[in-house]
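What follows is a single structure, written as C-alpha cells, with notes after it.
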Amino acid sequence: MSTTLLSRPDAVSLRTDAEFRRITAELTRRGLLGGLAAGAALVGLAGCGTSTGHGGAPASGGPWSFTDDRGTRVDLPARPKRVAFLTDSVTAALWAAGVRPVAAFDSGQGIVPAVGLNLAADKSVVRIGNKDNELDTEALVSARPDLLIDAIQADGTLQTLSGNPKIKDLAPVVGIDMYQPVEHIVGQADRLTTALGAAPADAAAHRAYQAAQAKLRAAVAANPGLRVGFVFDLGPNGIGVMNPATWAVLKTVKALGMKLVPVAGGKDNTYSRAVSWENVSGIPADLMVWAVSDPLPTEPVWKRVPAVAAGQLWKPDIRSWYAYSWANFATLLEGLAEHVASARPGVGPKGSLA
C-alpha cells in the first residue's frame with residue numbers, strides 16, 4: 001500500500017492514496033484551506049510609496065510591480081496596502097519578515113503561533129482560517145484586500161486559490177513557492193516585505209541562520225560518510241522517509257553537503273516513501289531526524305533500528321516545520337550541526353530503500 005502526504009506544505013498527517021483522494025475532494029467541496037471569520041478593525045501596511053521589480057528599496061510613488069515564484073508579474077497603479085495571507089505557511093513567513101496584513105489564515109496547527117502571532121488576541125487582523133482548514137470567504141471579502149499572498153504547491157498550483165474560484169478575482173495574487181530551499185522561501189518573504197514598504201524585521205535572525213548554515217556545512221564536511229534520514233510515523237503501518245527532492249528543509253541541508261537517504265521518484269513518493277515496520281530496520285541511515293509528527297513510535301522493532309539502537313536519533317525542538325522564518329530554521333541547522341558532528345557513520349545498513 002503506497003502512502004503520500006497531503007499535497008500542501010502545512011499538512012501534518014499522512015494518508016493512504018485512497019483516503020488522500022477522498023479528503024482532497026472533500027476539502028475542495030468545502031472550500032479548500034481556509035477559515036473562520038473574526039470581525040476586527042483592519043490595518044494597512046506600514047510605510048508609504050511604492051516599489052518596483054522583484055523586491056528592492058521602496059520608491060516614493062508611482063506604479064508597483066512584483067514577480068512571484070511562478071514567474072507571474074503583478075502590476076498595480078500603486079503599492080498595495082491591504083494584504084491578505086491565504087495559508088498558514090504564508091502567514092508565518094511574512095509575519096516573521098515584517099508584513100502586517102488585514103486578514104490572515106491560521107488553521108490552529110501551531111504554525112502561525114510559532115512566529116509569535118496570536119490571531120485570537122490580535123483583533124487588528126481578520127482571521128480567515130480554522131482547524132478544519134476552511135476558508136471563510138465572507139470574512140476575506142469583508143477585509144477588502146488589494147493583494148492576496150498564496151502558497152505555491154509542489155505541482156506549481158496555488159494552494160488556496162486553485163480550490164476557491166469564488167475569490168480568484170477578488171484581488172491580484174502573489175505566490176510563494178513553499179517547496180524551494182528555506183533560504184529561498186524566507187528570502188522571498190523578505191523581498192516582498194521590502195517591496196510592500198515595510199522594513200524586514202528579521203535581520204538579526206538572518207545572520208544567525210547564516211552562521212548556523214556555516215556550522216552545519218563544516219560539520220558535514222568533517223563527517224562525509226554520514227547518511228541522514230528524515231522520517232516520521234505513518235501510524236500502524238510503518239515509517240515515512242521524507243523525499244529530499246520535495247521538502248524545503250531537505251533541499252537546504254542537501255545543498256550544504258548532507259548525504260540524505262534517497263527516495264525514488266514517482267507520484268506515490270512525491271512527499272515521502274512508505275517503509276513498513278518489518279522493513280524499517282533496512283533504512284540506510286546512520287542518523288535519523290524525527291520530523292513533522294508526534295509522538296515517537298512505540299513499536300518494539302523501532303528500538304532495534306540500527307541508528308535508533310546506537311542513540312543516533314534526534315527529535316528537534318523546532319517550533320514548526322512549516323513556519324518558514326530565519327529564526328525557526330536557524331535553530332534546526334544549529335542542532336543538526338551538533339548531531340552530525342557527534343554521529344558515527346556506517347551504523348545503518350548499506351544499500352538503498354527496497
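The main-chain N or O of S65 is never found under 3.5 Å from a side-chain atom of D75 such that the two would form a donor-acceptor pair. Using modelled atom types, no side-chain atom of R319 and backbone atom of I111 make a donor-acceptor pair closer than 3.5 Å. With hydrogens and angles ignored, the 3.5 Å screen pairs no side-chain donor or acceptor of R70 with any backbone N or O of L158. Judged by distance alone, the side chain of Q312 and the main-chain N or O of R344 form a donor-acceptor pair under 3.5 Å. A donor-acceptor pair is defined here as one N or O able to donate and one able to accept, closer than 3.5 Å; no such pair exists between the side chain of D202 and the backbone of W326. Under a 3.5 Å cut-off, the side chain of N223 and the backbone N or O of A343 do form a donor-acceptor pair. Side chain of K123 to backbone of A120: a donor-acceptor contact under 3.5 angstrom is found. Of the possible donor and acceptor atoms, one in the side chain of S342 sits under 3.5 Å from a partner among the backbone N and O of E338. At distances below 3.5 Å, at least one donor-acceptor pair connects side-chain atoms of N328 with backbone N or O atoms of A323. Of the possible donor and acceptor atoms, one in the side chain of T160 sits under 3.5 Å from a partner among the backbone N and O of L86.
Remark: the Q188 side chain and the R191 side chain contain an N/O donor-acceptor pair separated by less than 3.5 Å. D233 and S293 form no side-chain donor-acceptor contact under 3.5 Å, judged by distance and modelled atom types alone. For the residue pair T91/D88, the side-chain donor-acceptor check at 3.5 Å is not satisfied.
Taking CD1 of I128 as the start and CG of L140 as the end, the distance is 4.5 Å to the nearest 0.5 Å. Separation of atoms OG (S276) and CG (L234) is listed at 10.0 Å; rounding is to 0.5 Å. Note that the NZ atom of K315 and the CE atom of M288 stand 16.0 Å from one another [nearest 0.5 Å]. Rounded to the nearest 0.5 Å, atoms OG (S124) and CG (L119) are 8.5 Å apart. To the nearest 0.5 Å, the span separating CG on L196 from CG on L147 amounts to 6.5 Å. We find the OG-CD1 distance between S89 and I176 to be 8.0 Å, quoted to the nearest 0.5 Å.
In this structure, the side chains of V228 and V261 stay at 4.5 Å or more apart for every pair of heavy atoms. Side-chain contact between S281 and P349 is absent, with no heavy atoms from C-beta onward closer than 4.5 Å. Considering only heavy atoms from C-beta on, M242 stays 4.5 Å or farther from V249 through its side chain. In this structure the side chain of T270 never reaches within 4.5 angstrom of the side chain of D155, judged on heavy atoms. Contact of the V289 side chain with the L336 side chain is registered, since non-hydrogen atoms from C-beta on lie closer than 4.5 Å. Side-chain contact between R100 and V83 is absent, with no heavy atoms from C-beta onward closer than 4.5 Å. Within the 4.5 Å cutoff, the side chain of L148 has no heavy atoms near those of the V174 side chain. Two residues are said to be in side-chain contact when any heavy atoms from C-beta on lie closer than 4.5 Å; L76 and V74 meet this criterion.
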Evaluate side-chain contact (heavy atoms from CB on, under 4.5 Å) for E334 paired with K215, printing each intermediate quantity in order.
CA-CA 7 Å; E334 180 82 17; K215 185 174 180 180; 2.6 Å; yes
Could you go through R144 and V102, starting from their C-alpha distance and side-chain angles, then the distance that decides it, and tell me whether this counts as side-chain contact (heavy atoms from CB on, under 4.5 Å)?
CA-CA 8 Å; R144 297 180 290 111; V102 295; over 6 Å; no
Stepwise side-chain hydrogen bond (donor to acceptor under 3.5 Å, both in side chains) check, D69 with H184
CA-CA 10 Å; D69 284 329; H184 174 93; 2.9 Å; yes
Please test Y209 against F329 for ring pair (Phe, Tyr, Trp, His ring centres under 6.0 Å), starting from the C-alpha separation and ending with a verdict.
CA-CA 7 Å; Y209 178 85; F329 285 97; 7.7 Å; no
What's the verdict on side-chain contact (heavy atoms from CB on, under 4.5 Å) for I239 and W290, showing C-alpha distance, side-chain angles and the deciding distance?
CA-CA 10 Å; I239 288 292; W290 189 257; 3.8 Å; yes
For a side-chain contact (heavy atoms from CB on, under 4.5 Å) check, start with the C-alpha distance between H339 and L287, then their side-chain angles and the critical distance, and finish with the verdict.
CA-CA 8 Å; H339 284 80; L287 170 66; 4.3 Å; yes
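Using cut-offs of 30° and 60° on the angle between ring planes, the pair F66 and W64 is parallel. Using the six-membered ring where Trp is involved, W321 and F230 have ring planes that are perpendicular, over 60° apart on the 30 and 60° scheme. Ring geometry, Y322 versus W247: the interplanar angle falls from 30° to 60°, so the pair is classed tilted.
When every heavy atom of P145 is checked against every heavy atom of A84, the shortest pair comes out as CB-CB, 3.9 Å. Here the shortest heavy-atom pairing between F232 and S272 reads CZ-CB, 4.0 Å. Between A96 and V115, the shortest heavy-atom distance links the atoms CB-CG1, 4.0 Å. Closest of all the heavy-atom pairs between A151 and M178 is CB-CG, 3.8 Å. Contact detail for L260 and P244: the closest heavy-atom pair is CD1-CB, 3.8 Å. Across D190 and A97, no two heavy atoms sit closer than the pair OD1-CB, 3.4 Å.
Residue V182 forms a side chain to side chain contact (heavy atoms under 4.5 Å, CB included) with just one option from V253, L333, L250, T252, and that option is T252.
When hydrophobic clusters are built by joining Ile, Leu, Val, Met, Phe, Trp and Tyr residues whose side-chain heavy atoms come closer than 4.5 Å, directly or via intermediates, Y179 is grouped together with F85. Hydrophobic cluster membership is shared by M258 and I318, with clusters built from Ile, Leu, Val, Met, Phe, Trp and Tyr side chains linked at under 4.5 angstrom. A continuous path of Ile, Leu, Val, Met, Phe, Trp and Tyr side chains, each step under 4.5 Å between heavy atoms, connects L256 with V340, placing both in one hydrophobic cluster. Linking Ile, Leu, Val, Met, Phe, Trp and Tyr residues whenever their side-chain heavy atoms come within less than 4.5 Å places L313 and V241 in a single cluster. A chain of hydrophobic side-chain contacts below 4.5 Å, direct or via other Ile, Leu, Val, Met, Phe, Trp or Tyr residues, connects V301 to L353.
With respect to the salt-bridge test (charged N to carboxylate O, under 4.0 angstrom), the residues D146 and R82 do not qualify.
Around atom CD of E278, more than 12 heavy atoms belonging to other residues, nucleotides or ligands sit under 6.0 Å away. Within 6.0 Å of atom CG in D317, 12 or fewer heavy atoms from other residues, nucleotides or ligands are found, so the atom counts as exposed in its surroundings.
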